Amino acid sequence: MAEVDVKDNRPLSPHLQIYKPIFTMMMSIVHRITGAALYFGTVLVAWWLISVAVGGGYYTFAAIVFDSIFGRLILFGYTWALMHHMLGGVRHFIWDFGYALGPGDRDWISKATLAGSIGLTALIWLIGLLAI
Amino acid sequence: MSMRTPLSKVRGLGSAKEGTDHFWMQRLTGVANIPLMIFFVFLVVGMSGADHEAAASMIGSPIVAIVLLLMLVSGLYHMRLGMQTIIEDYVHAEGVKIACLMANTFFTVAVGAACVYAVLKISFGG
């Protein structure tokens with residue numbers, strides 16, 4: 001069999017150029033993006049844990065960074081990404097069993113995911129800010 | 001009667017070469033992550049504004065430390081699988097793809113090692 005060169009510049013069908021953005025399609029893309037954001041954000045989790053392990057001035061320094069406006073913004077975004085990806089995962093799990101795949105249901109469950117993630121993020125931060 | 005050619009069987013399917021195990025582990029760690037991440041959120045919110053002594057004693061307490069370790073293992077395994085899918089979807093040059101897949105595992109293991117070390121040090125160390 002002759003060697004097939006996958007890098008041959010063969011013509012491809014248009015996709016992003018022609019598809020109208022549909023809600024479920026955007027939710028799928030956002031699910032992947034939130035997953036990737038959480039992936040890279042684990043560096044922050046590691047940094048936080050190490051700051052507690054090292055203690056002293058280093059912990060204070062890390063706390064100042066996390067408490068800064070920029071730090072809080074990142075944490076807020078991370079919270080939303082976590083909630084959205086988690087609820088999205090539940091949605092995919094429901095789909096795995098064949099439920100909620102119909103035209104009305106899939107839109108409803110996708111909207112519920114988004115509403116839920118926004119609601120949970122707001123709730124978590126409300127509790128967090130009231131507790132300090 | 002199978003329509004697959006012998007070459008396709010040897011080469012494996014598509015860019016990932018195999019997938020059932022990946023699919024199952026992604027679901028398993030995903031389900032495990034739900035309670036573990038809820039716990040993690042409670043932990044972080046509960047510890048906001050805490051001084052070092054309070055933070056260390058919270059993380060170092062047995063139940064918190066154990067569940068935290070479980071959260072880390074499950075979460076890191078899940079994210080490694082997820083990133084693997086992303087890489088396989090978008091990187092097609094074989095050499096670059098292999099490098100990215102290796103980097104994915106190395107990154108995940110490095111973050112895991114740092115986090116596990118920190119939790120153990122807080123729990124057992126001085």
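The model shown is predicted, which means the values in this text are computed figures rather than measured ones. Just so it is clear, the values below take in all heavy atoms, side chains as well, and ignore hydrogens, waters and symmetry mates. Below, read A as the first sequence line, B as the second, and so on, with proteins coming before strands; counting in each chain starts at 1.
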Notebook entry, point to check: Does the side-chain contact (heavy atoms from CB on, under 4.5 Å) test come out yes or no for B/Val44 and A/Trp48, once each step is laid out?
Noted result: CA-CA 10 Å; B/Val44 173; A/Trp48 172 63; 4.2 Å; yes

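- Heavy-atom distances place the side chain of B/Phe40, and not its backbone, under 4.5 Å from chain A.
- Heavy-atom contacts from other residues, nucleotides or ligands closer than 6.0 Å to CD1 of B/Ile63 number 12 or fewer.
- For B/His52 against A/Val52, the heavy-atom pair with the smallest separation is NE2-O, 2.7 Å.
- At a threshold of 4.5 Å between side-chain heavy atoms, the hydrophobic network of Ile, Leu, Val, Met, Phe, Trp and Tyr places B/Ile34 and B/Tyr77 in two separate groups.
- B/Met47 and A/Val54 fall within a single hydrophobic cluster, where Ile, Leu, Val, Met, Phe, Trp and Tyr side chains are chained together by heavy-atom contacts under 4.5 Å.
- Chosen from A/Val90, A/Ile124, A/Asp96, A/Thr79, the residue pairing most often with chain B at heavy-atom distances under 4.5 Å is A/Asp96.
- Counting heavy atoms from C-beta outward, B/Thr108 and A/Thr42 have side chains that stay 4.5 Å or more apart.
- Using a 4.5 Å cut-off between heavy atoms, B/Val116 makes no contact with chain A at all.
- Closest of all the heavy-atom pairs between A/Ala53 and B/Ile122 is CA-CG1, 3.6 Å.
- Between B/Val45 and A/Gly128, the shortest heavy-atom distance links the atoms CG1-CA, 3.7 Å.
- Counting heavy-atom neighbours within 6.0 Å of B/Phe107 CZ, excluding the residue itself, gives a total above 12.
- Per-residue counts of heavy-atom pairs under 4.5 Å with chain B were compared for A/Phe93, A/Trp47, A/Phe66; the largest is that of A/Phe93.
- A heavy-atom distance below 4.5 Å is found between the side chains of A/Arg32 and B/Asp89.
- Tracing side-chain contacts under 4.5 Å through hydrophobic residues (I, L, V, M, F, W, Y), one never reaches B/Leu81 starting from B/Val111; they form parts of separate clusters.
- Counting heavy atoms of neighbouring residues, nucleotides and ligands inside a 6.0 Å radius, atom OH of A/Tyr99 does not exceed 12 of them.
- Heavy atoms closer than 4.5 Å to chain A are found in the side chain of B/Leu68, but not in its backbone.
- Counting non-hydrogen atoms of neighbouring residues, nucleotides and ligands closer than 6.0 angstrom, the CD1 atom of A/Ile69 reaches no more than 12 such neighbours.
- Of all non-hydrogen atoms in B/Ala55 and A/Tyr59, the two that sit nearest each other are CB-OH, 3.5 Å.
- The two residues A/Ala36 and B/Ile86 come nearest to each other via the heavy atoms CB-CD1, 4.3 Å.
- Using bins of under 30°, 30° to 60° and over 60° for the plane-to-plane angle, the ring pair A/His85/B/His78 lands in the perpendicular bin.
- With a 4.5 Å cut-off on non-hydrogen atoms, B/Thr85 touches chain A through its backbone and its side chain both.
- With hydrophobic clusters built from ILVMFWY side chains whose heavy atoms lie under 4.5 angstrom apart, A/Leu49 shares a cluster with A/Tyr78.
- In this structure, the separation between CD1 on A/Ile50 and SG on B/Cys115 is 7.0 Å, given to the nearest 0.5 Å.
- When the shell of 6.0 Å around CH2 of A/Trp95 is examined, it contains more than 12 heavy atoms from other residues, nucleotides or ligands.
- Side-chain atoms of B/Met79 and A/Leu38, non-hydrogen and from C-beta on, never get closer than 4.5 Å to each other.
- Inter-residue side-chain proximity for B/Val41 and A/Leu120 is flagged as unmet; no heavy-atom pair is nearer than 4.5 Å.
- Interface remark: B/Ile59 contributes side-chain atoms only to the contact with chain A (heavy atom separation under 4.5 Å).
- One side chain, B/Asn104 or A/Tyr39, offers a donor N or O that lies under 3.5 Å from an acceptor on the other.
- Residues B/Met83 and B/Val109 do not share a hydrophobic cluster, clusters being chains of Ile/Leu/Val/Met/Phe/Trp/Tyr side chains in contact below 4.5 Å.
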